[in-house]
Amino acid sequence: MSTKKEHISLVIVTAAQMREIEGRIFAAGMPVPALMEKVAGLIANRIQDLSSNFEQGRQGEQVRISPPFARIGILVGPGHNGGDALVVARELHFKGYGVWIYLPFVQLKELTSQHLQYAQSLEIPCYQEIEQLPDCDVLVDGLFGFGLERTITDPIASAINQLNEWNKPIISIDLPSGLHTDTGEVLGTAIRATYTLCLGLWKQGLLQDQALDYVGKAELIDFDIPWADVQAVLQDVPKIKRITQATALSTLPLPRPPVTHKYKEGHLLLICGSRRYAGGAILTALGARGSGVGMLSIAVPESLKQLLVSHLPEALVIGCPETETGAIAQLQLPEKTDLSSFSAIACGPGLTKDATSIVEEVLASDRPLVLDADGLNILAQLGTIPTLQQRQATTILTPHTGEFQRLFPLVSDAKHDRVKAVQEAAAQSGAVVLLKGARTAIANPQGSVWINPESTPALARGGSGDVLTGLLGGLLAQAVNKEIPVEDIVATAAWWHAQAGILAASERTELGVDAFTLSQYLLKVIS
């Protein structure tokens, strides 16, 4: 990355890390009141921008905050998040907005108390009971900032529930009040924000699946944290990072060298499909086609060969002997060819568990391997950790949450803290693990994590994961002789796949993105 701003957009921090980074800033001489003024000024300006524009709201509906001179309710907590909110109230008041303050707390931090005193001197109305707050066009949530760990109880919990029921646009400062900063867990109850203006650095909890119903549209308010302070706390290379367009595109095998040929652009072997699940083979192959891989071979049961040829005439389709149930009974590769002839292998979609011997064979190979679907189910039956510990080559696992639990029954609950779970799974197995979800998380065995910050529920359809497997396999095959970390290749595949879904949904609605359509949008993302 070439600029500090691009670096900042990658970083994800825990509450403890953010405290340490802020502590360094204050220790260097930045006064807390000065930083609060700067941050709150940026928030107020962003709220003013939002007040006059249509923006995409929670769950896809169009939300409009009324034009200037709107009525704005400011929800104020006892700490510095509440102090930020009070400065925002003051600045919006000076900009001509009608502002009301809701402050249900008596004990305030000293700086927050000072800002309250000044707001009251400006005769900005302040209310202690939620029922007293006049009707507002928008609410600004500054009740609790990062670092909240205790469960919210009444009367604040009841007030938050009531605010959510008002169905008004809510802009949360830093993160919605009531969410755990690291896990995204709802601590009793939480504000359901329309927007979340995350301050300085992305908080880990905002990128966990369980938080997404509360976060709304999240964006970063960059208040110029010195990069040296970030590096000092995160040890130069952040362990947990957001996938951005820039990082994803930098890993794509583009541009190709002027002089090249198909054998230099990777040879991928797909092993997939059965009579029962022929579609899995087709969709995986279409994902691989979209990757631009130089050569594509597809091993399927003999009865599927003509079907695959009709859909992918450019591929080498290998018909294999099959079991009575229509699964691949044994790999029957072309003459003078074995598994080591390929740049990479992707295996699993549509196989059925009757293909156990096939999965054992590819696990014993020396090729980089992507395992998905029944490949993962078979691996779980074989014993994930002991099986992978015997493997020398790169392995990439792409489970959804259910498959993850079967593969790693002793690992932390992936539904509670996806980042911790995927780190543990990768460390124990030696594999790169991609945990699918609304915020897909990818970890390598050393504990580095990529999180994909954007996706769409349009991808919640059968076959979407097959497309990802083929796409990932194709990128892996092309990169096998390049010095690119495997987890970066996996991150690029996850980003590309998600962006294809987002683009398709924008043109066809979320109900119009079947897996075949998804595969057709892959190249539109990078064209």
Using distance only, find each side-chain donor-acceptor pair of residues 346-363 under 3.5 Å and give its atom names and separation, not counting sequence neighbours.
{"from": "Thr352", "atom 1": "OG1", "to": "Asp354", "atom 2": "N", "distance (Å)": "3.3"}
{"from": "Asp354", "atom 1": "OD2", "to": "Thr325", "atom 2": "OG1", "distance (Å)": "2.6"}
{"from": "Thr356", "atom 1": "OG1", "to": "Lys353", "atom 2": "O", "distance (Å)": "2.8"}

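- Side chains of Arg192 and Asp213 form a contact here, defined as non-hydrogen atoms less than 4.5 Å apart.
- Here the side chain of His311 pairs a donor or acceptor atom with the backbone of Leu307 at under 3.5 angstrom.
- The CZ atom of Arg367 lies 12.5 Å from the OG1 atom of Thr395; values are rounded to the nearest 0.5 Å.
- Taking 4.5 Å as the limit, some side-chain heavy atom of Gln210 sits within range of a side-chain heavy atom of Thr183.
- Side chain of Arg391 to backbone of Asp366: no donor-acceptor contact under 3.5 angstrom is found.
- Side chain of Arg242 to backbone of Val11: no donor-acceptor contact under 3.5 angstrom is found.
- Of the possible donor and acceptor atoms, none in the side chain of Thr509 sits under 3.5 Å from a partner among the backbone N and O of Ala505.
- For Ser177 and Asp141, the side-chain atoms include at least one donor-acceptor pair closer than 3.5 Å.
- Side-chain atoms of Thr244 and Thr247 form a donor-acceptor pair, as typed in the model, at a separation below 3.5 Å.
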- Item | Derivation of the side chain to side chain donor-acceptor pair (under 3.5 Å) call for Thr251 and Asp488 | CA-CA 7 Å; Thr251 307; Asp488 291 6; 5.1 Å; no
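- Rounded to the nearest 0.5 angstrom, Gln446 CD and Glu487 CD are separated by 7.0 Å.
- Judged by distance alone, the side chains of Asp417 and Gln208 do bring a donor and an acceptor atom under 3.5 Å apart.
- Residue Asn164 holds its CG atom at 5.0 Å from CD1 of Ile191, rounded to the nearest 0.5 Å.
- In terms of heavy-atom proximity, Ala285 sits nearest to Leu308 at CB-CD1, 4.4 Å.
- Ile345 has its side chain out of reach of Leu268: every pair of non-hydrogen atoms, C-beta onward, lies at least 4.5 Å apart.
- Residues Leu407 and Leu379 are in side-chain contact: their nearest non-hydrogen atoms beyond the backbone lie under 4.5 Å apart.
- Contact of the Lys264 side chain with the Gln478 side chain is not registered, since no non-hydrogen atoms from C-beta on lie closer than 4.5 Å.
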- May I have the step-by-step check of side chain to side chain donor-acceptor pair (under 3.5 Å) for Thr260 and Glu265, ending in yes or no? CA-CA 8 Å; Thr260 188; Glu265 300 303 331; 2.6 Å; yes
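- Between the side chain of Lys239 and the backbone N or O of Gln235 there is no donor-acceptor pair closer than 3.5 Å.
- Between Thr189 and Thr151, the closest side-chain pair of non-hydrogen atoms is not below 4.5 Å.
- Once rounded to the nearest 0.5 Å, the distance linking CG of Leu10 with CD1 of Ile243 reads 10.0 Å.
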- Going through the distances and angles, do Lys241 and Ile12 end up as a side-chain contact (heavy atoms from CB on, under 4.5 Å)? CA-CA 5 Å; Lys241 297 178 288 185; Ile12 299 171; 5.6 Å; no
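- Taking all atoms of both residues into account, the shortest heavy-atom contact from Ala344 to Gly473 is CB-O, 4.3 Å.
- Of the possible polar contacts, none joining the Ser429 side chain to the Thr384 backbone as a donor-acceptor pair under 3.5 Å is found.
- Within the 4.5 Å cutoff, the side chain of Gln204 has no heavy atoms near those of the Thr181 side chain.
- Of all the heavy atoms in Leu339 and Ser365, the pair that sits closest is CD1-CB, 3.9 Å.
- Between the OH atom of Tyr263 and the OG atom of Ser343 there is a distance of 11.5 Å, given to the nearest 0.5 Å.
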- Carefully, step by step, assess Leu304 and Ile282 under the rule side-chain contact (heavy atoms from CB on, under 4.5 Å). CA-CA 10 Å; Leu304 268 61; Ile282 295 170; over 6 Å; no
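- The aromatic rings of His267 and Phe342 lie perpendicular to each other, with more than 60° between the two planes, well past the 30° mark.
- The two residues Ile318 and Pro334 have their closest heavy-atom pair at CD1-CD, 3.9 Å.
- Looking only at distances, no side-chain donor or acceptor of Asp466 sits under 3.5 Å from a matching main-chain atom of Leu283.
- Asn444 and Trp450 share no side-chain donor-acceptor pair at under 3.5 Å.
- Residue Leu179 comes nearest to Ala190 through the heavy atom pair CD2-CB, 3.9 Å, listed as atom of the first residue, atom of the second, then distance.
- Checked for salt-bridge contact, Asp372 and Lys436 meet the test: a charged N lies under 4.0 Å from a carboxylate O.
- A side-chain donor-acceptor contact under 3.5 Å links Ser341 to the backbone of Asp338.
- Judged by distance alone, the side chain of Glu322 and the main-chain N or O of Ser303 form a donor-acceptor pair under 3.5 Å.
- A side-chain donor-acceptor contact under 3.5 Å links Asn377 and Arg406.
- Two residues are said to be in side-chain contact when any heavy atoms from C-beta on lie closer than 4.5 Å; Ile396 and Val486 meet this criterion.
- Smallest separation of non-hydrogen atoms from Thr196 and Leu175: CG2-CA, 3.7 Å.
- In this structure, Asp514 does not pair ionically with Arg461, as no charged nitrogen and carboxylate oxygen lie closer than 4.0 Å.
- Atom CD1 of residue Ile8 and atom CG of residue Asp222 lie 6.0 Å apart, to the nearest 0.5 angstrom.
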- Message: Go through it in stages, so that I can follow the logic: the residues are Arg439 and Leu212, the test is side-chain contact (heavy atoms from CB on, under 4.5 Å), and I'd like the CA-CA distance, side-chain angles, deciding distance and then a yes or no.
- Response: CA-CA 9 Å; Arg439 294 294 177 266; Leu212 297 188; 3.8 Å; yes
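- No donor-acceptor pair closer than 3.5 Å links the side chain of Lys305 to the backbone N or O of Pro301.
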Ignoring hydrogens and angles, write down the donor-acceptor pairs under 3.5 Å from the side chains of residues 495-504, residues two or more places apart or on other chains.
{"from": "Trp496", "atom 1": "NE1", "to": "Leu522", "atom 2": "O", "distance (Å)": "2.6"}
{"from": "His497", "atom 1": "NE2", "to": "Ser464", "atom 2": "O", "distance (Å)": "2.8"}
{"from": "Gln499", "atom 1": "NE2", "to": "Glu454", "atom 2": "OE1", "distance (Å)": "3.1"}

